Amino acid sequence: VTSWKGFCSFFLYETKQADMQAEKEDEDDASPEEYVALCDFTGSGSDQLSFSSGDKLLVHTKPSSDWWWAELQGVTGYAPASYLQPDGAEEEEEEEEDTSLQDPWQDEEYFGSYGTLKLHLEMLSDKTRTEAYRQVIFSNSASLRNKVVMDLGCGTGIISLFCAQLAQPSVVYAVEASSMAAYTRQLVKQNGYEEVVVVLQGRAEEIELPEQVDVLVSEWMGNCLLFEFMVESVLLARDRWLREGGVIWPSSAALTLVPCQADSYFSEKMAFWEQPYGLDFTPLQPLAHQEFFTKPKFSHLIEPNDCLSAPCDVICLNMYTLQVKDLEEMNGQFHFCVEKPGVFHGFTAWFTVHFKSLEEGGTTVELNTGPNSEPTHWKQTLFMLDKPVSVCAGDSISGTILLRRNPVWRRHMTVTLNWNISSTGETDSSQVGTKTFPMWR
Ligand SMILES: C[S@@+](CC[C@H](N)C(=O)[O-])C[C@H]1O[C@@H](n2cnc3c(N)ncnc32)[C@H](O)[C@@H]1O
């Protein structure tokens with residue numbers, strides 16, 4: 001959800017400020033440090049460095065906690081810090097700073113953030129999201145009778161409580177790892193459902209249930225569908241606890257992309273520096289680019305009018321067949337036909353999930369987080385190009401998207417977009433581009 005992201009980006013911002021200050025102080029007299037690449041990275045634009053797994057890089061400066069100025073075989077450029085580890089780190093396991101000693105799932109801060117009300121308030125206030133789950137339970141109430149249900153990551157227990165209130169399951173195992181579980185138990189009791197809803201505090205991967213379940217329901221989706229990678233916990237629980245022929249909700253999910261204009265965001269963050277107060281601040285534009293356009297913009301609300309073409313589903317997940325190993329790299333393709341002249345500033349992404357009915361001929365419930373549906377707390381995610389491109393009706397934008405999970409930080413990923421813009425009009429030209437966005441590491 002945006003929430004953990006919000007927490008996470010705040011955390012990164014705070015540490016970044018401290019890092020930048022500390023690093024500035026000793027940058028001048030520092031000699032380059034040797035680092036080893038943990039996996040391949042393809043740089044985008046002229047200022048990012050490409051490298052392969054195992055390459056030895058010299059890190060000259062660390063201007064931020066995410067991007068370092070590095071050198072490989074005489075070529076310099078920015079490298080994502082999380083793809084590098086100090087040369088010889090494997091032999092220095094006793095050192096506290098070694099990333100292998102830190103939790104790659106960041107459970108303390110992740111579950112810590114779900115232990116307070118802020119995020120639950122944000123999720124429960126999102127009516128589109130919460131009502132979609134209620135509708136799923138309500139429209140399947142007859143089939144849920146006497147069924148065993150698991151609500152993975154129950155939070156305040158809202159989905160479990162819908163089950164108890166609207167259907168008559170034999171039991172709902174409400175599993176929650178954060179300290180919210182203690183309050184959820186109180187809420188279950190307060191509403192008189194302690195005979196039906198059993199709250200279990202623990203990580204879903206570690207808890208024991210007395211039986212297999214008929215239905216596994218969860219609200220696991222993050223920004224750009226996968227961020228947070230809570231989906232892994234759902235897949236592991238499915239393989240361990242869902243009985244053969246059981247049902248998983250959501251039953252499928254899709255990530256959707258559209259090329260778009262983002263004029264006001266571009267003006268606010270980039271064009272701003274052209275002439276504030278009649279002065280030329282353009283030397284700050286490379287910095288603005290690095291600060292605002294190298295990561296995706298979460299919580300973007302795209303106007304349907306800013307879509308330059310019809311959207312396209314780029315990644316589709318079947319929750320019955322998806323495997324944990326599939327999450328490491330997910331590839332998609334797109335082909336858009338530009339419908340009107342405009343400025344191509346970037347791509348906007350969102351997701352949709354479906355809940356297949358248990359009932360013969362029943363309707364599938366859809367939760368769509370796109371610009372043509374009621375806004376949700378996820379909003380949409382904007383990926384800005386390095387430079388806007390003017391496009392005309394009839395131009396085509398085709399390419400690929402790659403979601404690559406961070407090899408170290410398991411809740412994070414990078415999104416790489418490759419595109420080719422072809423104009424068939426008088427100019428008959430074609431332009432290619434590629435850009436990799438960390439989310440967040
Ligand atoms: C997106 S929130 C959804 C909360 C609630 N189901 C709702 O709809 O309001 C996800 C919840 O799952 C919990 N969670 C995430 N991974 C988990 C895991 N592996 N085991 C148990 N709980 C988990 C989080 O602590 C958080 O409360």
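Note: hydrogens, waters and symmetry copies are ignored here, and every other heavy atom, side chains too, is used. Model, not experiment: these values are computed from the prediction. Here, residue 1 is the first one in the sequence, and each next residue gets the next number.
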Under 3.5 Å, is there a donor on one side chain and an acceptor on the other for [X] and [Y]?
X	Y	result
His345	Gln261	no
Glu176	Ser178	yes
Ser430	Ser422	no
Asn406	His412	no
Thr256	Asp313	yes

As an exercise, state the distance from [atom1] of [X] to [atom2] of [Y], rounded to the nearest 0.5 Å.
X	Y	atom1	atom2	result
Gln48	Thr434	CD	OG1	9.5 Å
Leu216	Trp241	CG	CH2	12.0 Å
Ile401	Leu255	CD1	CG	5.5 Å
Arg134	Ser139	CZ	OG	12.0 Å

Please confirm whether the backbone N or O of [Y] pairs with a side-chain atom of [X], one donor and one acceptor, at under 3.5 Å?
X	Y	answer
Arg129	Thr376	no
Asn140	Ile137	no
Ser373	Thr369	no
Trp273	Ala288	no
Asp55	Ser52	yes

[X] and [Y]: which non-hydrogen atoms are nearest, and at how many Å?
X	Y	value
Val353	Pro250	CB-CB, 3.7 Å
Ile302	Gln380	N-OE1, 2.9 Å
Asp326	Thr321	OD2-O, 4.4 Å

Is the charged tip of [X] near the ring of [Y]: under 6.0 Å from the six-membered ring centre and within 45° of its axis?
X	Y	answer
Arg238	Tyr320	no
Lys56	Tyr35	no
Arg411	Phe227	no
Lys295	Phe437	no
Arg410	Trp105	no

I would like to know whether Glu328 and Arg404 meet salt bridge (Lys or Arg N to Asp or Glu O under 4.0 Å); could you show each step before the answer?
CA-CA 6 Å; Glu328 294 302 319; Arg404 181 189 269 160; over 6 Å; no
Quick one: does [X]'s side chain get under 4.5 Å of [Y]'s, heavy atoms only?
X	Y	value
Thr156	Leu187	yes
Trp378	Phe351	yes
Leu417	Phe383	yes

Asp386: which residues meet the side-chain hydrogen bond (donor to acceptor under 3.5 Å, both in side chains) condition with it, sequence neighbours left out?
His289, Lys435
According to side-chain hydrogen bond (donor to acceptor under 3.5 Å, both in side chains), who are the partners of Thr294, at least two apart in sequence or on a separate chain?
none
Would Phe334 and Trp419 count as a close aromatic pair, with their ring centres under 6.0 Å?
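Ring-ring flag for Phe334/Trp419: false, centres at least 6.0 Å apart.
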For the residue pair Tyr133 and Phe355, is the inter-centroid distance of their aromatic rings smaller than 6.0 Å?
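Under 6.0 Å, so yes.
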Arg405/Glu329 salt bridge by N-O under 4.0 Å criterion
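Salt bridge between Glu329 and Arg405, a charged N being under 4.0 Å from a carboxylate O: no.
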Heavy-atom count around Phe292 CZ within 6.0 Å, excluding the residue itself: above 12?
yes
Under the rule for salt bridge (charged side-chain N to carboxylate O under 4.0 Å, His left out), what residues qualify as partners of Arg203, not counting sequence neighbours?
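Here the qualifying residues are Asp107, Glu205.
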Parallel, tilted or perpendicular: which fits the ring planes of Phe293 and Phe266, with parallel below 30° and perpendicular above 60°?
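Rings of Phe293 and Phe266: parallel, as their planes differ by under 30°.
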